[in-house]
Colleague: 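Below is one structure. I have some questions about it.
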There are 2 protein chains.
Amino acid sequence: MSKDSHTEEKIKIAAKRVFIQKGFSGCTSREIAKEAGTNVALVNYYFRSKNQLFVLIYQSVTEEFLLSMVDVFSSNITLKEKINKLVDREFEFLAKHPEIPMFVINEMSRNKNAGIEPQGILSQLGRSGIFEETLEAQKNGIMRKLDLSSIIMLVMANCQHPFMARLLNQQLNNLSDEEYSAHLVKYKEVVKEMLLNYLFIQKD
Amino acid sequence: MSKDSHTEEKIKIAAKRVFIQKGFSGCTSREIAKEAGTNVALVNYYFRSKNQLFVLIYQSVTEEFLLSMVDVFSSNITLKEKINKLVDREFEFLAKHPEIPMFVINEMSRNKNAGIEPQGILSQLGRSGIFEETLEAQKNGIMRKLDLSSIIMLVMANCQHPFMARLLNQQLNNLSDEEYSAHLVKYKEVVKEMLLNYLFIQKD
DNA sequence: AGAGATTTTAAACAATTGTTTAAAACAAAA
DNA sequence: TTTTGTTTTAAACAATTGTTTAAAATCTCT
C-alpha cells in the first residue's frame with residue numbers, strides 16, 4: 001500500500017512537472033516515466049492512458065490556478081484592500097508557478113472542442129459577494145464605474161503577463177534571469193499603484 | 001517557374017497557419033502538406049525538413065510581431081500620442097493575429113537553448129530615440145519617472161493579454177465569441193485611459 | 001512458509017512520425 | 001520530337017509514438 005501509492009504519486013508529480021513545462025503534445029509517456037524513475041508500462045498501469053493522466057493533471061492545475069485568485073474575495077477587508085491583496089497573491093503564486101498560465105491557456109485552446117472545463121469557479125465567484133460589493137462601491141463613488149469583467153481582466157493581465165512573457169521581456173530589455181526577477185519585485189508596486197489609482201476615485 | 005513558386009508559397013502559407021495555431025510539436029508535416037493541398041514529400045523537397053520550414057516561419061512571424069510595435073516610436077508626434085497610437089496599433093494587429101503572442105512565447109521557451117533570436121529589434125528601438133525622449137519627458141515633469149522596460153511591459157501586458165487569455169477570460173466571465181470581441185472594443189479605451197493617466201502627470 | 005493478489009519489468013504491437021528514394025509527369029529548349 | 005532539367009507522386013525507411021501483453025518480482029495475509 002505504501003509502495004503502490006508511492007509510485008503512483010511519483011508519476012503524478014513527474015507528469016505535472018513535464019506537462020506544465022512542455023504541454024501535452026510536447027512530451028511523451030516515456031519522458032514522464034523516466035522523470036518519475038519508472039517505465040512506460042507503469043504510467044498506463046496506474047492511469048490507463050497518457051490522455052487520462054493529462055486530464056487529471058490539467059484539472060487539478062486549473063483549479064489550483066483559479067482558486068488562488070478567488071479566495072481573496074471572501075476575506076473581510078475593504079474592496080481596495082482586496083485588489084491590493086489579490087495582486088500580492090497573484091505575484092506570489094506566479095513566482096512559484098510561472099508556467100501555469102501558459103499551460104492552462106495552451107491546453108484550453110488545444111481542447112477547444114472537448115469540454116474539460118472548471119465549473120465551480122464562476123459560482124464560487126458569485127457566492128463571494130464580490131459582484132454586489134463592486135456595485136455598492138461604484139454607487140458610493142469610491143470605485144470607477146467599470147464592469148467586473150474589465151476589472152478582472154486588468155488585474156489578470158498585469159499580474160500574469162510579466163510571467164507569461166518573461167523570455168520575451170528579457171530579450172526585449174536585455175535582462176538576465178536575476179535582473180528580471182529583481183525587476184519584478186519593483187514592477188509589482190508599479191502595477192498596484194496604477195491599478196488602484198485607476199480603479200478607485202481619489203478624494204483629497 | 002510560376003508553378004514552383006506557387007507550390008512553395010502554398011506550403012509556406014499553410015505552414016504559417018498551422019504552426020501558429022498548433023505549435024511545432026502540435027502538428028505534423030503531413031498536416032501542413034494536406035493544408036497546402038500537396039503531399040509530405042513536397043514539403044521536404046522545398047524546405048529540406050519540418051524544422052527548417054519552422055525556423056523560416058518563426059523568424060518572419062517574430063519579426064512581424066515585434067516590428068508592429070517599434071515603428072510607432074519613429075513617428076513625429078508627442079510621447080503621449082505615441083503611447084496612444086501604440087495601443088491602437090497593438091489592438092489592431094492582435095485583432096488580426098490573436099495567436100501570435102502565444103506562438104512566439106511558446107516557441108521561445110521550446111527553443112530556450114537554441115538561439116533563434118530576433119537581433120534587429122533592440123538596435124532599432126535604440127535608433128528610434130524613444131530612450132532619450134522618455135528621459136526628456138520625465139525630466140520635464142510630463143511623464144512619471146519609470147524605467148522604459150516597465151513602460152514597455154505595461155503596454156504589452158495590457159494589449160497582449162486580452163488576446164492571449166481570450167478563452168480563459170471568456171470562460172471566467174461567461175462571454176461568447178461575439179460578446180468578447182465587442183467587449184474588447186470598449187476595453188481598449190479602458191486600457192488607454194489607465195495607461196495614459198498613470199504614465200503622464202496631469203496638470204490642471 | 002505458501003497461496004493469492006498486486007506491482008514491476010521487458011518485450012512486443014500497430015500506428016504515426018520525419019525523412020528519403022525512385023520513378024513518373026511535366027516543362028522548356030534544341 | 002527528342003533531350004534535358006524540374007516538379008510531383010507514391011512508396012518505403014527507420015525511429016518514435018501510445019498502448020498492451022505476459023511473465024517475473026514483490027507484497028499481503030493466514
Side-chain angles (χ1 to χ4, degrees), chain A residues 1-61 103 106-107 110-114 116, chain B residues 1-61 103 106-107 110-114 116:
Chain A
M1 198 54 121
S2 82
K3 194 82 176 290
D4 85 18
S5 77
H6 178 233
T7 302
E8 191 173 346
E9 198 60 19
K10 275 202 304 178
I11 294 175
K12 241 195 268 189
I13 291 171
K16 182 173 173 179
R17 182 164 44 230
V18 174
F19 277 143
I20 286 180
Q21 211 211 351
K22 307 200 172 188
F24 180 84
S25 316
C27 72
T28 69
S29 305
R30 282 169 178 82
E31 187 179 356
I32 292 171
K34 183 175 260 182
E35 180 87 2
T38 62
N39 56 34
V40 215
L42 279 191
V43 172
N44 283 351
Y45 174 72
Y46 282 108
F47 302 97
R48 312 257 322 167
S49 73
K50 182 193 179 189
N51 195 70
Q52 201 156 315
L53 172 56
F54 173 81
V55 171
L56 201 78
I57 301 293
Y58 173 77
Q59 284 177 333
S60 80
V61 168
F103 168 74
N106 273 325
E107 301 299 341
R110 193 179 61 83
N111 290 332
K112 222 170 304 185
N113 317 316
I116 326 176
Chain B
M1 198 56 123
S2 81
K3 194 85 176 289
D4 85 20
S5 76
H6 178 232
T7 303
E8 192 174 346
E9 198 60 20
K10 274 200 306 178
I11 294 175
K12 241 194 270 189
I13 292 171
K16 182 174 173 180
R17 183 165 44 231
V18 175
F19 276 142
I20 286 180
Q21 211 210 351
K22 306 202 174 185
F24 180 84
S25 316
C27 72
T28 69
S29 305
R30 282 170 178 81
E31 186 178 358
I32 292 172
K34 182 174 261 181
E35 180 87 1
T38 63
N39 56 34
V40 214
L42 278 191
V43 172
N44 283 352
Y45 173 73
Y46 282 108
F47 302 97
R48 312 255 324 166
S49 73
K50 182 193 180 188
N51 195 69
Q52 202 156 315
L53 173 56
F54 173 79
V55 171
L56 201 79
I57 301 294
Y58 173 76
Q59 285 177 332
S60 80
V61 168
F103 168 73
N106 274 325
E107 301 300 339
R110 193 179 61 84
N111 291 331
K112 221 170 304 185
N113 318 315
I116 326 176

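Chain letters run A, B, ... following the sequence lines, proteins first, then strands; residues in each count from 1.
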Colleague: What's the shortest heavy-atom distance between I32(A) and I11(A), and which atoms?
Modeller: CG2-O, 4.2 Å

Colleague: To check you understand the geometry: which heavy-atom pair defines the closest contact between A14(A) and E35(A), and what is its length?
Modeller: CB-CG, 3.6 Å

Colleague: Going through the distances and angles, do F24(B) and N106(B) end up as a side chain to side chain contact (heavy atoms under 4.5 Å, CB included)?
Modeller: CA-CA 9 Å; F24(B) 180 84; N106(B) 274 325; over 6 Å; no

Colleague: If I take atom CD in residue Q52(B) and atom C1' in nucleotide dG18(C), what distance separates them, rounded to the nearest angstrom?
Modeller: 14 Å

Colleague: Could you report the tightest heavy-atom contact between K50(A) and C27(A), atom names first, then the distance?
Modeller: NZ-O, 2.8 Å

Colleague: So F103(A) and Q21(A), side chain to side chain contact (heavy atoms under 4.5 Å, CB included) or not? Walk me through it.
Modeller: CA-CA 8 Å; F103(A) 168 74; Q21(A) 211 211 351; over 6 Å; no

Colleague: Under 4.0 Å from any atom of DNA chain D, heavy atoms only: list the residues of residues 13-30 of chain B that qualify, in numerical order.
Modeller: R30(B)

Colleague: Using only side-chain N and O atoms of Y45(B), determine if any of them is under 4.0 Å from OP1 or OP2 of dT7(D).
Modeller: yes

Colleague: Rounded to the Å, how far apart are L53(A) CG and dT19(D) P?
Modeller: 10 Å

Colleague: Can you tell me how far CG of N39(A) sits from OG of S29(A), rounded to the nearest 0.5 angstrom?
Modeller: 11.5 Å

Colleague: Nearest to the side chain of Y46(A) - dT7(D), dT8(C), dT19(D)?
Modeller: dT8(C)

Colleague: Is there a donor-acceptor pair closer than 3.5 Å between any side-chain N or O of K16(B) and the backbone N or O of V61(B)?
Modeller: no

Colleague: Would you kindly give the CD-to-C1' distance between E9(B) and dT7(D), to the nearest whole Å?
Modeller: 17 Å

Colleague: Within this structure, what is the CZ-to-P distance between R48(B) and dT21(C), rounded to whole angstrom?
Modeller: 11 Å

Colleague: Taking the six-membered ring for Trp, is the centroid-to-centroid distance between F19(B) and F54(B) below 6.0 Å?
Modeller: yes

Colleague: Can you list, by residue number, the residues of residues 32-44 of chain B that have a non-hydrogen atom closer than 4.0 angstrom to DNA chain D?
Modeller: N39(B), A41(B), L42(B)

Colleague: Rounded at 0.5 Å granularity, tell me how far CG in N44(A) sits from CD in Q52(A).
Modeller: 9.5 Å

Colleague: Rounded to the nearest 0.5 Å, how far does OH of Y46(A) lie from NZ of K12(A)?
Modeller: 11.5 Å

Colleague: So for the helix from dA1(C)-dT30(D) to dA12(C)-dT19(D), with five pairs setting each end axis, what is the inter-axis angle to 10°?
Modeller: 20°

Colleague: Checking K34(B) against E31(B) for the salt bridge (charged side-chain N to carboxylate O under 4.0 Å, His left out) test, could you report, in this order, the C-alpha distance in whole Å, the side-chain angles of both residues, the deciding distance, and whether it holds?
Modeller: CA-CA 5 Å; K34(B) 182 174 261 181; E31(B) 186 178 358; over 6 Å; no

